[in-house]
Protein chains: 2
Amino acid sequence: MVTLADVARHAGVSASTVSYVLSGKRSISAPTRERIQHSIDTLGYRPHAGARALASSRTDVLALMMPLRTGLYVPVMMEIAMSVTTTARSHGYDVLLLTGEEGPEAVRRVEGSAIADAMIVMDVGLDDPRLPCLQEAERPAVLIGLPTETAEAADTAGLDCVDLDFESAGARCVEHLAGLGHTGVAVLGEPPAVYERGTGFAARTLTGLRAAAATHGVGLLHRPVDGTYAAVAAAVTRVFEERPGTTALVVQNEAAVEPLLALLRHQGRAVPEDVSVVAICPDQVAVHASVPLTAVAVPAREMGRRAVERLVGRLAGEAPRGTELIPPLLTARASTGPAPSGPASTAGSALPGPRVSVSAPTEDRRGRGGH
Amino acid sequence: MVTLADVARHAGVSASTVSYVLSGKRSISAPTRERIQHSIDTLGYRPHAGARALASSRTDVLALMMPLRTGLYVPVMMEIAMSVTTTARSHGYDVLLLTGEEGPEAVRRVEGSAIADAMIVMDVGLDDPRLPCLQEAERPAVLIGLPTETAEAADTAGLDCVDLDFESAGARCVEHLAGLGHTGVAVLGEPPAVYERGTGFAARTLTGLRAAAATHGVGLLHRPVDGTYAAVAAAVTRVFEERPGTTALVVQNEAAVEPLLALLRHQGRAVPEDVSVVAICPDQVAVHASVPLTAVAVPAREMGRRAVERLVGRLAGEAPRGTELIPPLLTARASTGPAPSGPASTAGSALPGPRVSVSAPTEDRRGRGGH
DNA sequence: ATGAAAGCGCTAACAC
DNA sequence: GTGTTAGCGCTTTCAT
């Protein structure tokens with residue numbers, strides 16, 4: 001193994017000079033710097049991470065705690081993880097991946113063993129047991145997500161948070177639909193487990209949805225669903241039975257998107273002629289859906305990037321910045337349109353009660369699949 | 001910070017004794033061990049990772065290189081990553097996440113800076129530039145995937161590999177369908193980019209599919225598809241036009257699964273009465289699809305687990321084990337059934353379809369196809 | 001602008 | 001069964 005001492009010898013200088021060339025912490029004359037750099041390249045020298053960590057008390061590693069509990073949409077997590085990793089690299093940091101299984105113990109391990117300089121914590125719950133440890137910890141931490149129902153309380157707890165402004169996101173959805181004349185909106189939410197766990201973003205979205213619904217005189221039904229075809233079908237069918245006047249759906253559950261579209265197609269409800277659909281999901285999902293979806297984007301990459309940049313800033317001595325909410329951006333695509341104007345124009349209207357039977361839109365349909 | 005020396009002083013022993021209690025590398029009398037353990041607990045001592053790495057040349061970290069290039073199904077990657085992380089923890093290792101962007105440079109970094117003790121490399125291509133570095137490296141590496149078209153060549157290159165036996169997986173799919181009397185099978189494969197990149201698993205699957213098709217007199221069409229509704233619709237429509245005798249589909253593209261099922265429903269082709277579908281995907285996807293799918297499982301967790309266990313074994317001194325292929329497991333679910341027996345019974349029959357072969361096997365068949 | 005030297009906290013011979 | 005001690009490779013005062 002090539003050590004710093006080897007380089008020093010090869011370049012005919014002292015070890016400390018080599019070290020200073022590497023760190024740039026003091027000025028070195030051009031000739032010696034070049035000579036040393038040449039030796040480094042020739043010998044293929046790489047500083048030993050452990051030795052450096054021991055001497056400097058810095059690891060150049062960020063820990064990423066990613067619980068991946070049931071009901072969470074994996075691609076968003078993954079995108080955040082990748083965004084964190086590439087952003088971290090661009091700042092000279094590596095990323096240590098921790099699962100949620102260890103819980104608070106992982107926080108103590110990172111702290112106590114000096115495994116990482118800072119941490120990013122995802123999937124934060126309302127009474128997350130990791131939070132107290134994080135607050136006691138010496139090392140800076142940034143949460144992706146808020147541990148509170150509202151945006152204000154988080155920073156008072158001394159925590160740095162980055163998240164989409166889900167409350168505004170919910171409001172945007174309703175506003176968009178209200179603007180198109182819809183008055184009966186149903187929300188297909190995350191799986192029940194997500195709400196039960198007290199995961200902040202789902203609750204905050206709901207708050208925004210409800211507030212805007214009240215403001216705009218829109219009736220709102222909310223149904224948590226698992227991301228399976230069966231669950232979506234059951235929920236949607238019930239919604240249309242309970243309130244035939246439903247003309248728009250908001251989906252906050254990426255896994256439910258395709259099942260929902262397939263179901264509507266199957267039921268003969270045209271999108272957006274009979275029913276409008278707004279999603280809260282990554283843009284990629286919205287664009288590639290079988291009907292391009294009007295959607296509020298969940299900016300996964302952005303969230304990962306900002307989290308890292310805050311952490312890097314704090315490691316460089318900046319003060320905590322509190323809660324940072326990313327404003328939602330709704331992009332109108334093909335899945336929303338004006339509310340159908342009379343009972344006559346909706347598929348649901350043909351039905352006396354329970355089930356959708358007939359008549360539908362203007363689609364080319366063939367084959368024996370017909371109901 | 002609490003150091004080993006602090007513990008030693010508190011317990012009234014020497015530093016080395018404390019160290020040996022921790023490592024278990026020499027026998028300590030019960031009383032002193034207990035006394036030391038008590039001091040450790042009282043003081044809340046944690047060994048300093050950097051110091052330990054420097055002194056022992058072991059980091060207790062495994063590096064996981066996960067490229068996440070276009071066209072790869074994210075949930076499988078994520079499941080492997082999580083499986084790797086939890087398995088690693090259970091063996092006392094942490095996991096450092098590396099993206100593919102750095103390429104071979106990342107391998108050298110890990111090696112040169114002693115950042116990790118070993119590495120797991122995913123998404124290996126046929127002429128992967130990381131492979132030469134890996135072979136030169138001192139540290140053990142395990143590939144998830146094979147860098148070759150066939151199973152044999154990999155270990156000769158001195159590399160340790162873990163993967164599903166995709167060749168057999170392909171064969172199982174065809175065998176299953178052939179056993180049900182299907183003679184016209186189309187394969188919806190991974191996105192074109194995956195094949196172009198020379199990613200081994202896709203090519204190997206195709207090899208297995210083709211071999212079995214030849215053996216069983218099954219006609220095989222192969223279409224790479226992007227995982228969007230539009231791409232799937234285009235491909236499937238063309239397949240049925242080109243060969244109306246197609247009665248079964250094999251899908252190796254998780255993102256295409258729901259679009260495909262939605263499309264078939266929309267076209268009025270009943271599954272499995274008109275067309276059978278076999279998938280190569282994680283069991284979870286197969287089970288939760290809108291039609292539970294007969295499928296060869298991609299054992300993501302298993303692959304991650306085995307990769308880590310091999311690595312841990314090799315770090316403990318075991319010799320490389322070469323290539324380890326996990327035998328495929330096909331589970332029959334609701335999406336496959338006997339081939340429709342005559343032109344009269346299929347939706348496709350409406351089309352000017354030349355050939356549907358006559359004879360079919362002797363299997364118990366039921367459903368509406370009954371002649 | 002450069003060098004010398006004292007650690008950082010731990011491990012692993014080498015003693016006894 | 002336990003203590004002593006010499007590093008591991010790097011950073012960073014303190015000198016000059």
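Just so we're on the same page: letters track the sequence lines, and every chain starts at 1. Here the structure is a predicted model, which is why all the values come from computation and not from measurement. Atoms considered below: every heavy atom in the structure, side chains included; atoms not considered: hydrogens, waters and symmetry mates.
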Which atom pairs, donor and acceptor, lie under 3.5 Å between side-chain atoms of residues 19-28 of chain A and protein residues at least two apart or in another chain?
{"residue": "A/Ser23", "atom": "OG", "partner": "A/Ser19", "partner atom": "O", "Å": "3.3"}
{"residue": "A/Ser23", "atom": "OG", "partner": "A/Lys25", "partner atom": "N", "Å": "3.3"}

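Looking at B/Asp160 and B/Arg314, a side-chain N of the basic residue comes within less than 4.0 Å of a carboxylate O on the acidic one, giving a salt bridge. The pair A/Glu111-B/Arg46 does not meet the salt-bridge criterion, since no charged nitrogen lies less than 4.0 angstrom from a carboxylate oxygen.
Atom pair B/Asp6:CG and C/dC10:P shows a separation of 8 Å (rounding to whole Å applied). Regarding B/Asp60, its CG atom lies at a distance of 13 Å from the C1' atom of C/dC10, rounded to whole Å. The separation between A/Arg9 atom CZ and C/dA4 atom P is 13 Å, rounded to whole Å. In this structure, B/His48 places its NE2 atom 17 Å from P of D/dG9, rounding to the nearest Å. In this structure, the CG atom of B/Leu54 is 4 Å from the C1' atom of D/dC8, given to the nearest Å. Between the P atom of D/dG9 and the CD1 atom of A/Ile40 lies a distance of 16 Å, rounded to the nearest Å. One atom, CE of A/Met1, and another, P of D/dG7, lie 18 Å apart when rounded to the nearest Å.
Of the residues near DNA chain D, B/Arg33 and A/Arg46, the one whose nearest nucleotide (by heavy atom distance) lies more toward the 5' end is B/Arg33. Between A/Gly12 and B/Thr3, the residue whose closest nucleotide on DNA chain C is further toward the 5' end is A/Gly12.
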**Prompt:** Can you give one letter per nucleotide of nucleotides 11-16 of chain C, 5' to 3': B if a protein heavy atom sits under 4.0 Å from the base, S if only from the sugar-phosphate, - if neither?
**Reply:** BBBB--
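Between the axis at the start and the axis at the end of the helix from C/dA1-D/dT16 to C/dC16-D/dG1 there is an angle of 30°, using five pairs per end and rounding to 10 degrees.
For the residue pair B/Ser39/B/Thr42, the side-chain donor-acceptor check at 3.5 Å is not satisfied.
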**Request:** Please assess A/Arg306 against A/Glu309 for the test salt bridge (charged side-chain N to carboxylate O under 4.0 Å, His left out), listing each intermediate value before the final yes or no.
**Result:** CA-CA 5 Å; A/Arg306 292 206 195 185; A/Glu309 282 170 356; over 6 Å; no
**Item:** A/Ser29/A/Thr32 under side chain to side chain donor-acceptor pair (under 3.5 Å): CA gap, chis, key distance, verdict
**Value:** CA-CA 6 Å; A/Ser29 70; A/Thr32 39; 2.6 Å; yes
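For the salt bridge (Lys or Arg N to Asp or Glu O under 4.0 Å) with B/Arg89, the lone residue among A/Glu101, A/Glu105, A/Glu102 that qualifies is A/Glu102. When each of B/Ile120, B/Leu64, B/Val110 is paired with B/Leu98, the side chain to side chain contact (heavy atoms under 4.5 Å, CB included) condition holds for B/Val110 and for no other.
B/Val84 places a side-chain heavy atom less than 4.5 Å from the side chain of B/Val95.
Applying the 4.0 Å criterion to OP1 and OP2 of D/dG1, one finds that B/Ser29 has every side-chain N and O outside that range. When the side-chain nitrogen and oxygen atoms of A/Ser14 are compared with OP1 and OP2 of C/dG3, one or more of them lie within a distance under 4.0 Å.
Nucleic acid contact for B/Ser57: none, since no nucleic acid atom lies under 4.0 Å from a heavy atom of the residue.
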